[in-house]
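Following: one structure in structure tokens, then a few remarks.
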Protein chains: 2
Amino acid sequence: MSQGNDSQTIEKILHVAEEHFAVHGFFASSLRQITRDAEVNVAAVHYHFGSKEALFVAVLNRRIVPFVQSVLCGLAQIQATKQVLLAEDVVDSFVHACFELIQSEDRNAALFSKLVSRLMLDEYRQFRELLAAQNENLATSLLAAFGQILPDLPPQAVRWRMHLTLSTLFNAFAGNDVLKALAPATVVNAKDPLQVARYVKPFVVAGLKAPI
Amino acid sequence: MSQGNDSQTIEKILHVAEEHFAVHGFFASSLRQITRDAEVNVAAVHYHFGSKEALFVAVLNRRIVPFVQSVLCGLAQIQATKQVLLAEDVVDSFVHACFELIQSEDRNAALFSKLVSRLMLDEYRQFRELLAAQNENLATSLLAAFGQILPDLPPQAVRWRMHLTLSTLFNAFAGNDVLKALAPATVVNAKDPLQVARYVKPFVVAGLKAPI
DNA sequence: GTCTATAAGCAGATAGAC
DNA sequence: GTCTATCTGCTTATAGAC
């Protein structure tokens, strides 16, 4: 019990760092700005986490475990009550997991999608390896589920449908907006998760069930 | 005619900078690395472009103008021969424009999708404004085209379908791969544009035509 | 137009007092 | 566990010789 109020410090750092990493990315975020906003000392990051990279991994790991569990639980529940798994079911369990993050008390939990979008885009190899190690379960279970809902497609096509579905969902919930880059006048409200869910669900479900 | 071989220098800088910005992002790229790889002097960037930000804008502008023209020409051609515009037509004209970049002599042209993906994700406000000014034509024409192929949907839903379609297409051609982040074993070959086109086209066409 | 040298600042990381 | 002070290195940008 030799610790002081370090858990507060750790939480404050994780909270602010998550925001900075999600909004500005890993390289554009600086520990100095993060610790200033979190109102902790600069040295605290190195004391508690060891390095900037280790802090980034900690930020990701805090969200990914509950997220994966949420998706897998949702899938298991549906599979227990239904005999035939539908495309809608898989998409719903994923969307539901996103909403659990969004409606969490910790409002920054909603930034998880944006962090995952960054992992897709950037060349964070060292981080990917860490994540991949933790998520073989999710990928295996999801792939099995996608195989069930698309029994007529060859394995390669099933993987592509899964890839496109997850990319589209993560990017949609990340609140990214192409139209904003192309023409601000025609913008949609990509930041509102209720809107996102309403419009993205029919889109990916239809994409999943598309004929070959 | 007082210029020496400056056009070569400018081209070399643009070429290497595009690669660095697309792969590592704006902030993680440094002018020193870019000029080292381009085998030009560090000061050349400031002499020819003025600043790192101005270089980034120049890199984007070099691709966006021909891309927009390509999409709009494709659309106009289809509209000239057909009376009824289909979802497939709009997707095809977009995919075709991506392929023109990919099959260009300048192999780095293919990185354009990755750059746009970054613009969606990152908070490059100053760059967005510059791009938006140049692309009102594209957005207006595309929105009209999407309205034609989805006559039964309310305007809000049409904007969302367009948003989801363009996001999915740009991200797909960017070669990003969620599965790689989640589980390397189940990976698809997201870097091969032929594969991308083959699997993304039916996906987004079905998403576009989804019932409400 | 190209180059060197240098300015001015911020980054991550660490040592050591308290 | 917290803090200050500092080290080392890299960044963008510029001034001025050639």
Side-chain angles (χ1 to χ4, degrees), chain A residues 1-62 115 118 122-127 130, chain B residues 1-60 62 118 122-127 130:
Chain A
M1 314 302 175
S2 64
Q3 65 185 23
N5 56 350
D6 62 330
S7 60
Q8 262 190 32
T9 303
I10 291 176
E11 274 308 309
K12 280 198 280 187
I13 292 173
L14 284 171
H15 185 82
V16 176
E18 182 165 42
E19 208 164 299
H20 277 72
F21 288 146
V23 174
H24 303 108
F26 179 76
F27 295 105
S29 303
S30 87
L31 295 182
R32 301 187 114 89
Q33 285 177 354
I34 290 169
T35 50
R36 200 180 306 139
D37 288 1
E39 296 175 323
V40 300
N41 192 274
V42 212
V45 168
H46 292 94
Y47 179 79
H48 288 292
F49 298 96
S51 71
K52 186 184 177 184
E53 290 197 357
L55 172 61
F56 189 72
V57 172
V59 165
L60 283 171
N61 279 345
R62 192 171 61 138
L115 282 170
R118 287 202 174 280
D122 290 333
E123 302 277 305
Y124 298 142
R125 288 193 198 161
Q126 65 274 39
F127 306 135
L130 282 164
Chain B
M1 315 305 172
S2 66
Q3 63 184 22
N5 56 351
D6 62 331
S7 60
Q8 261 190 34
T9 304
I10 289 176
E11 273 308 310
K12 279 198 277 184
I13 293 172
L14 283 171
H15 184 83
V16 176
E18 182 166 42
E19 206 165 300
H20 277 72
F21 288 147
V23 175
H24 303 108
F26 179 76
F27 296 104
S29 303
S30 88
L31 295 181
R32 301 190 110 86
Q33 283 176 357
I34 290 169
T35 49
R36 200 180 306 141
D37 288 3
E39 295 174 324
V40 301
N41 192 273
V42 212
V45 169
H46 293 94
Y47 179 79
H48 290 290
F49 298 95
S51 70
K52 186 183 176 183
E53 290 198 356
L55 173 60
F56 188 72
V57 172
V59 165
L60 284 170
R62 192 172 61 139
R118 287 201 175 279
D122 289 335
E123 303 277 306
Y124 299 141
R125 288 192 199 163
Q126 64 275 37
F127 306 135
L130 283 163

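Just so it is clear, the structure is predicted and the values come from calculations on it, not from any experiment. Chain letters run A, B, ... following the sequence lines, proteins first, then strands; residues in each count from 1.
Contact between Phe21(A) and Arg118(A) at its shortest, heavy atoms only, is O-NE, 3.2 Å. Here the closest heavy-atom approach between residue Ala54(B) and residue Phe49(B) is recorded as CB-O, 3.2 Å.
An OP1 or OP2 oxygen of dG1(D) is reached within less than 4.0 angstrom by no side-chain nitrogen or oxygen of Asn41(A). OP1 or OP2 of dA13(C) has at least one side-chain nitrogen or oxygen of His46(A) nearer than 4.0 Å.
dA13(D) atom P lies 17 Å from atom OH of Tyr47(B), rounded to whole Å. Summarising the geometry, the separation between CG on Leu55(B) and C1' on dA13(D) is reported as 14 Å, rounded to the nearest angstrom. Taking atom CD on Glu53(B) and atom P on dT11(D), their separation rounds to 17 Å, with Å as the unit. For the pair Ile13(A) CD1 and dC3(D) P, the interatomic distance rounds to 10 Å; values are reported in whole Å. Straight-line distance from the CZ atom of Arg36(A) to the C1' atom of dG12(C): 14 Å, rounded to whole Å. Look at CZ on Phe49(B): it is 12 Å from P on dG1(C), rounded to the nearest Å. Distance CD1 (Ile34(A)) to C1' (dA11(C)): 12 Å, rounded to an integer number of Å. As a whole-Å value, the separation of Lys52(A) NZ from dC10(C) P is 15 Å.
Comparing dA13(D), dC3(D), dG12(C) by their closest approach to the side chain of Ala43(A) singles out dC3(D). You'll find that the side chain of Thr9(B) is closest to dT2(C), out of dT2(C), dC3(D), dA13(C). Taking the side chain of Arg32(A) as heavy atoms from C-beta on, and the options dT2(C), dT14(D), dA13(C), the nearest nucleotide is dA13(C). Nearest nucleotide to the side chain of Gln33(A), out of dT2(C), dA15(C), dA11(C): dA11(C).
In this structure, the ring of Phe56(A) has its center less than 6.0 angstrom from the ring center of Phe26(A).
If you check every strand for non-hydrogen atoms under 4.0 Å, Ser29(A) touches sugar and phosphate atoms only.
Atoms CG and CD1, on Asp37(B) and Ile13(B) in that order, are 12.0 Å from each other to the nearest 0.5 Å. Interatomic distance, His48(A) NE2 to Leu14(A) CG, rounded to the nearest 0.5 Å: 10.0 Å.
When the nearest nucleotides of DNA chain D are assigned to Leu31(B) and Glu39(A) by heavy-atom distance, the more 5′-ward of the two goes with Glu39(A).
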